[in-house]
Amino acid sequence: MKPGRLKTKIFLDSGDPQETREALRLLRFLDGQTTNPSLISRNPETAGKKFTKAELLEFYKGVVQEISRLIPRGSVSIEVYADKGTSAQDMLKQGREMFSWIPNAHIKFPTTKEGLRAAHQAIQGGIRVNMTLVFSQQQAAAVYAATKGARRGDVFVSPFVGRLDERGENGMSLIENILKMYKTGDGHVEVLTASVRSVNHLLAAIHLRSSIVTCPLRILREWTEKGLETPSDDFAYCAETLKRIPYEEIDLRGDWPAFDISHPLTDIGLEQFSADWKSLYV
Ligand code: E4P
């Protein structure tokens with residue numbers, strides 16, 4: 001059962017419905033699930049198989065429909081295919097199609113110029129979005145600005161803490177900075193802590209009051225073994241030698257194209273998602 005004092009929503013980060021079942025068995029609750037092209041490429045049912053583009057999309061649809069049936073009241077994130085040449089129109093077309101697959105979808109667009117443009121239009125059309133591959137406060141500000149007018153719950157922003165840690169930067173400090181910046185806004189964007197590598201990340205996200213945190217099954221298993229512990233008020237996150245990311249004063253009233261959204265990890269992440277997806281092609 002979900003601990004009573006736990007306000008943060010707990011998602012599973014996986015492209016495998018078997019893991020959804022296991023997470024439900026372990027936790028006895030699950031608030032949602034995030035998928036992405038790399039996670040789908042690691043679904044055991046793809047092992048040794050090759051797909052046409054249409055077959056692969058059909059496979060992805062089947063996976064999210066199964067997940068959606070398992071957690072009908074949760075949110076399920078589905079990611080569009082994008083590489084650096086994919087236009088906003090193309091992403092939007094995919095997003096519309098994917099949004100029709102299940103009643104509880106959030107569509108993941110990359111936090112690039114084209115991805116933001118797609119999200120801006122998606123929100124106007126009533127499509128819920130999850131902006132992915134976020135590594136900077138400027139990107140989070142652009143997400144806020146591009147989705148103004150959306151209802152709370154319709155927009156998630158996903159900063160990737162683990163990938164920042166891996167290059168020596170304290171990913172959790174970015175979560176802290178974005179939450180602080182969003183306090184100056186209207187609260188329409190929910191922070192989804194992603195790329196979680198440890199129970200310590202999970203506890204820190206809960207302590208910071210991140211709205212959502214998505215974790216691989218192994219972290220949820222470890223957390224279960226620790227009795228679904230929640231951080232005490234004096235919880236101190238130990239980032240060891242990781243360099244803190246400084247807070248930037250950013251005016252959220254700016255127009256989204258005015259923010260500096262470039263980040264090398266976004267480019268690398270996009271390439272990796274694209275390569276993993278294409279590795280499944282015939
Ligand atoms: C979730 O939405 C993200 O795609 C995921 O957490 C990324 O995690 P990774 O850094 O382990 O690939």
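Only heavy atoms go into these numbers, but all of them, side chains included; no hydrogens, no water, no symmetry mates. As the structure is a prediction and not an experimental result, all values here were calculated from the model. Both ligands and their constituent atoms are indexed starting at 1 by order of listing.
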Query raised in the report: What residue and heavy atom of the protein are closest to atom 5 (C) of ligand 1, and at what distance?
Result: D13 OD2, 3.1 Å
Query raised in the report: What residue and atom, counting heavy atoms only, is the protein's closest point to atom 12 (O) of ligand 1, and at what distance?
Result: R163 NH2, 2.7 Å
Report summary line: The atoms of ligand 1 lying under 4.0 Å from a heavy atom of F160, numbered in the order shown, are 3 (C), 4 (O), 7 (C)
Query raised in the report: Under 4.0 Å from any heavy atom of R197, which atoms of ligand 1 are there?
Result: 9 (P), 10 (O), 11 (O)
Query raised in the report: Between F51 and F59, how do the two ring planes meet: parallel, tilted or perpendicular, split at 30° and 60°?
Result: tilted
Requested in this report: With heavy atoms only and a cut-off of under 4.0 Å, state how K108 meets ligand 1: side chain, backbone, both or neither.
Outcome: side chain
We want to know whether [X] and [Y] form a side-chain donor-acceptor pair, criterion being a heavy-atom distance below 3.5 angstrom.
X    : Y    : value
D276 : S279 : no
Y144 : D186 : yes
S75  : H106 : yes

**Report entry** Any side-chain heavy-atom pair of P17 and I67 under 4.5 Å
**Finding:** yes
Query - pair L203-W223: side-chain heavy atoms closer than 4.5 Å - result: yes
Query raised in the report: For ligand 1, is Q272 a contact, meaning one of its heavy atoms is under 4.0 Å away?
Result: no
Report task. Determine the sole option in K7, R73, K2 for which the salt bridge (charged side-chain N to carboxylate O under 4.0 Å, His left out) test with D31 is passed. Result -> K2
Flag [X] as yes when one of its N or O atoms lies below 3.5 Å from any N or O atom of ligand 1, and as no otherwise.
X    : value
N36  : yes
T132 : no
S195 : yes

